[in-house]
Amino acid sequence: MGGTMSEEPPATPGWLSPDPTAWASGSGGLMDNSTGLGTFPPEDGLQPSQLPLLVNPWDIVLCSSGTLIACENALVVLVIGQNPALRAPMFLLIGSLALADLLAGLGLVLHFTCAYLLRSDSAQLLTVGLVVASFSASVFSLLAITIDRYLSLYYALTYNSERTAAFTYTMLVLLWGLSLCLGLLPVTGVNCLAEEATCSVVRPLTKNNIAVLSVSFLLLFGLMLQLYVQICKIVMRHAHQIALQHHFLAATPHYVTTRKGVSTLAIILGTFAACWMPFTVYSLIADYTYPPLYTYATLVPATYNSVINPVIYAFRNQEIQKALWLVCCGCVPASVAQRARTPSDV
């Protein structure tokens, strides 16, 4: 770093910078590998809080992503919340996913705002905790949706029962409770503000903290992969049985739509992995000394998963489409109202 100071360094904006002077470079600036952004170096006796801020473009990208995430998922939450017909377990889980992504988007925007205006450690811890809790709830909600889809196929005859509703509420309580606990860890003292050497690629999360989050994600992804493989087997088996009754396997509409359904499942899982896997792997092998460009380059795509989720899980659903049309124009097009549900909607 630029030098040794006896007093505690002031709170700094951004996710990665332990030194408010580290973002500036050139003849008078200082540079540090863990830096995401900061201010100009002290000149003419100015205090750090009085110096002009250099806004990191990556933080602007994250804030913009957060705004889009919040607006998009707020629409889903509004539609599901206001429509009494959307109270089935499936819609409750989609609503949980949308709410988690909505809070994650708000967390990104609040972190940017608090970082550049308040520059307070307390505000930083609260906003980072909100982001961690929200993205954790988003990933857990995706797992819950996968479990629900598997059960709806495996226990097709008894799926629409009070037992299913009770199980859904239990999953919601558990996933939000666990997510809240993960989000409270930075606030309750599990952070690296007191010792920068323990920082991970995302300040103020410690290396151990983000390692737990990353390993948990890998385990959840493995479980989701296994469930989707089982879902594909069940769907293909049902389609094959129906097709045999028609004696034309490749020509039946059931085979075609089932093939589309399996492709949809592959797209869902592939998108999820493409968004989160780079940041997960990178956060396990890197620490705060790595160039911040790598962290931002893997963290930004992870946020895009919350942009894609409403498209995959909400806007493609026939019932939600009807509710959206009613909200927007007060009517439902015949093409939407008469469309039959197919395996590609899985």
Side-chain angles (χ1 to χ4, degrees), residues 12-18 22-23 31-38 55-70 100-101 103-105 107-109 111-112 115 124 127-140 142-143 179 182-183 185-186 191-192 196 198-222 224-225 267-309 312:
T12 58
W15 298 87
L16 307 173
S17 175
W23 174 253
M31 180 62 70
D32 184 273
N33 283 340
S34 64
T35 298
L37 46 91
V55 181
N56 186 348
W58 285 101
D59 284 326
I60 297 177
V61 172
L62 283 175
C63 183
S64 301
S65 298
T67 303
L68 177 60
I69 291 169
D101 288 334
L103 293 177
L108 292 173
V109 175
H111 183 81
F112 179 87
Q124 184 183 37
T127 54
V128 170
L130 174 60
V131 170
V132 170
S134 301
F135 278 122
S136 298
S138 177
V139 174
F140 287 139
L142 290 174
L143 175 62
S179 301
L182 293 174
L185 288 178
N191 58 70
C192 64
E196 295 291 346
T198 63
C199 281
S200 65
V201 294
V202 176
R203 187 176 185 271
L205 300 181
T206 64
K207 179 69 175 176
N208 291 336
N209 190 351
I210 206 165
V212 170
L213 294 175
S214 299
V215 171
S216 299
F217 168 83
L218 293 176
L219 293 175
L220 292 177
F221 177 76
M224 289 178 62
L225 178 61
I267 293 173
I268 290 174
L269 201 61
T271 301
F272 180 63
C275 290
W276 277 106
M277 197 63 71
F279 175 74
T280 301
V281 175
Y282 176 73
S283 62
L284 282 174
I285 63 177
D287 56 35
Y288 76 103
T289 62
Y290 279 59
L293 174 63
Y294 301 155
T295 300
Y296 280 115
T298 55
L299 181 59
V300 170
T303 65
Y304 290 163
N305 188 65
S306 295
V307 177
I308 300 173
N309 282 340
I312 294 178

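Basis for what follows: all heavy atoms, side chains included, without hydrogens, waters or symmetry-related copies.
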Legend entry - Cys63 side, atom SG; Leu68 side, atom CG - distance, nearest 0.5 Å: 11.5 Å
Legend entry - Residues which pass side chain to side chain donor-acceptor pair (under 3.5 Å) with Ser134, listed by chain and number, not counting sequence neighbours: none
Legend entry - Atom pair OG1/CG of Thr198 and Leu205 - distance to nearest 0.5 Å: 10.5 Å
Could you tabulate the donor-acceptor pairs under 3.5 Å formed by side-chain atoms of residues 268-286, not counting sequence neighbours?
residue: Thr271; atom: OG1; partner: Ile267; partner atom: O; Å: 2.7
residue: Thr280; atom: OG1; partner: Trp276; partner atom: O; Å: 2.8
residue: Ser283; atom: OG; partner: Ser214; partner atom: OG; Å: 2.7
residue: Ser283; atom: OG; partner: Phe279; partner atom: O; Å: 3.0
residue: Ser283; atom: OG; partner: Thr280; partner atom: O; Å: 2.9

Inset, instruction - Given side chain to side chain contact (heavy atoms under 4.5 Å, CB included), test Val139 with Asn305 step by step and report yes or no. - result: CA-CA 10 Å; Val139 174; Asn305 188 65; 5.9 Å; no
Legend entry - Nearest-0.5 Å distance, SG of residue Cys199 to NZ of residue Lys207: 11.5 Å
Legend entry - Check: Ser138 and Asn309 side chains under 4.5 Å, non-hydrogen atoms: yes
Inset, instruction - For residues His111 and Val128, report the shortest heavy-atom separation together with the two atoms involved. - result: CE1-CG2, 3.6 Å
Legend entry - Backbone N/O of Ser179 and side chain of Ser136: donor-acceptor pair under 3.5 Å: no
Inset, instruction - Measure the spacing between OG1 of Thr303 and CD1 of Ile69 and express it to the nearest 0.5 Å. - result: 5.0 Å
Inset, instruction - Report yes if the side chains of Trp58 and Thr295 come closer than 4.5 Å at any heavy-atom pair, otherwise no. - result: no
Inset, instruction - Quick one: pull up CZ in Phe112 and CD1 in Ile60 and give me the separation to the nearest 0.5 Å. - result: 5.5 Å
Inset, instruction - Report yes if some heavy atom in the side chain of Ser200 is under 4.5 Å from a heavy atom in the side chain of Asn209; otherwise report no. - result: no
Legend entry - Phe135 vs Ser306 side-chain heavy atoms within contact, under 4.5 Å: yes
Inset, instruction - Mind checking the CD-CZ spacing from Glu196 to Arg203? Nearest 0.5 Å is all I need. - result: 4.5 Å
Inset, instruction - Carefully, step by step, assess Asp287 and Thr289 under the rule side-chain hydrogen bond (donor to acceptor under 3.5 Å, both in side chains). - result: CA-CA 6 Å; Asp287 56 35; Thr289 62; 2.4 Å; yes
Inset, instruction - Could you check if a side-chain atom of Tyr296 sits within less than 4.5 angstrom of a side-chain atom of Leu62, using non-hydrogen atoms only? - result: yes
